[in-house]
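Read the numbers this way: they start at 1 and go in the same order the structure lists the ligands and their atoms.
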Amino acid sequence: MLPWRRVLSRRSAVDRTPNALARALEKARREGRGWLDATASNPTAVGLGMPERIVVEALADPRSARYEPHPFGLPEARRAVAEDWLRVDGVAIEPEHVLLVASTSEAYGLLMHLLADEGDEWLVPAPSYPLLPHLARLNGIRLVPYRLAAEDEWRVDTDSIRRARTARTRALVAVSPNNPTGNYVQPDELDALASLGLPLVVDEVFARYPLREGARGVPSALLAARRGAPLVFALSGLSKLAALPQMKIAWIGVAGADDRLVEEALGRLEVAADALLSVATPQQLALRRWLEAADEVRARIGQRCRSNLAALQAALEGTAASVLRPQAGWYAVVRVPRIGTDERWALSLLDRGVLVHPGYLYDFEDDGHLVLGLLSEPAAIDAAARVLVELMRGLR
Ligand SMILES: Cc1ncc(COP(=O)(O)O)c(C=O)c1O
């Protein structure tokens with residue numbers, strides 16, 4: 001047998017050792033001990049997906065029998081996205097500036113290809129979405145964190161951006177609302193980001209899930225183009241916006257203060273997208289129908305998230321654990337006393353039959369954070385709250 005070092009690339013050699021929580025889950029599974037999952041983020045697994053009839057009917061378009069490849073997706077599907085952006089968020093974008101991809105992960109990959117050479121750097125928020133480091137590794141770029149600071153709400157720490165920026169910085173990522181902290185990018189923050197003169201990549205997949213009355217930020221970072229950002233890429237997709245992760249359609253909206261730069265970026269993206277042609281025709285033909293049906297799906301999800309959040313907040317009131325106030329999204333961050341690591345807390349909860357995520361997975365700068373998925377069945381959130389209350393009592 002050939003030694004794998006001679007066959008497989010160095011860059012694909014990632015550490016696959018399961019962490020302590022994964023090992024504990026495996027052990028519980030082997031021993032037949034069940035647990036309640038308070039980390040759910042797959043709407044189709046918790047009864048919150050789009051109704052089956054609409055999913056299926058929309059796919060039955062006879063035009064699916066023909067293949068007409070378009071690098072950025074079928075014009076009518078791109079028009080449907082542009083019209084939906086205007087209808088729901090009041091954001092105007094030309095359909096020609098919308099490109100369809102299979103997932104936001106693919107969108108990140110294309111943009112890393114467009115905006116960075118091997119070893120170049122992107123600034124990314126911390127804490128944030130755990131998949132970003134993996135996508136960066138696949139695309140050979142380096143991520144450098146900038147800070148989100150927890151004040152009354154979580155805010156971008158602009159000094160930390162100044163400190164993190166180097167001659168190799170090529171773009172800045174913002175997630176609005178951020179996963180898991182739930183803060184929207186606010187107008188003054190968007191101004192500060194636009195003034196950096198860097199391309200902005202803004203992930204808005206959770207933007208239509210406010211968790212309380214009046215919680216809002218900028219309707220879309222595409223508006224940064226009018227505030228001087230040379231290039232802006234706004235990312236969204238069906239997986240969150242319409243609770244259809246299985247349909248694999250996401251999109252990038254492209255804008256920018258510099259028209260020629262925008263045209264050149266679109267031209268280069270077209271060549272890259274033409275090499276992939278990754279979005280399936282039946283899904284593109286169904287897209288308009290799904291976007292129309294998504295308002296109701298989001299209303300149901302919003303209700304689940306808000307009632308889970310309220311239950312969690314009420315249960316932890318007056319204990320040593322507290323819920324950090326999110327503005328939007330599908331997650332809640334619970335702050336716990338910093339005795340022992342986040343992992344220890346998560347293991348203690350699992351021992352008592354509930355799964356939550358330790359904060360370190362999201363790159364919090366210190367221990368003392370647990371992350372819960374607000375899509376979870378209410379019984380799982382109630383159980384997590386009950387166990388947390390028990391554990392907090394045990395501290396006294
Ligand atoms: C911030 C953020 N962006 C994107 C995604 C996933 O989107 P997609 O399924 O389109 O890759 C997630 C999934 O949890 C997410 O948290």
>> Would W330 count as a contact residue for ligand 1, given that I'm defining contact as a non-hydrogen atom of the residue lying under 4.0 Å from a ligand atom?
In response: no

> Relative to each other, are the rings of Y108 and W122 parallel, tilted or perpendicular (30° and 60° limits)?
Replying inline: tilted

>> Distance alone, cut at 3.5 Å: any donor-acceptor contact between the side chains of T341 and D367?
In response: no

> If you measure every N/O of D203 against every N/O of ligand 1, is any gap under 3.5 Å?
Replying inline: yes

> Can you list the ligand 1 atoms lying under 4.0 Å from a non-hydrogen atom of S105?
Replying inline: 11 (O)

> Heavy-atom distance under 4.5 Å between the side chains of I339 and W345, does that happen here?
Replying inline: yes

> Going through the distances and angles, do R208 and D84 end up as a salt bridge (Lys or Arg N to Asp or Glu O under 4.0 Å)?
Replying inline: CA-CA 12 Å; R208 294 182 187 172; D84 185 69; 2.8 Å; yes

> Under a heavy-atom criterion of less than 4.0 Å, does S103 contact ligand 1?
Replying inline: yes

> What is the nearest protein non-hydrogen atom to atom 16 (O) of ligand 1, stated with its residue, atom name and distance?
Replying inline: N179 ND2, 2.7 Å

> Counting both backbone and side chain atoms, is some N or O of S239 under 3.5 Å from an N or O of ligand 1?
Replying inline: yes

> Any side-chain heavy atom of D295 sitting closer than 4.5 Å to one from R87?
Replying inline: yes

> Should you measure from each heavy atom of V175, which atoms of ligand 1 turn up under 4.0 Å away?
Replying inline: 1 (C)

>> Suppose I only count heavy atoms of K240 and a 4.0 Å limit; which atoms of ligand 1 are within that range?
In response: 6 (C), 12 (C), 13 (C), 14 (O)

> Can you say whether the rings of H357 and Y362 are parallel (under 30°), tilted (30 to 60°) or perpendicular (over 60°)?
Replying inline: tilted

>> If you apply the rule side chain to side chain contact (heavy atoms under 4.5 Å, CB included), what do you find for S220 with W85, and how did you get there?
In response: CA-CA 9 Å; S220 167; W85 232 320; 4.1 Å; yes

> Identify the closest protein heavy atom to atom 15 (C) of ligand 1: which residue and atom is it, and at what distance?
Replying inline: Y129 CE1, 3.2 Å

>> As a check for students: among L235, L132, T104, identify the option with a heavy atom nearest to atom 10 (O) of ligand 1.
In response: T104

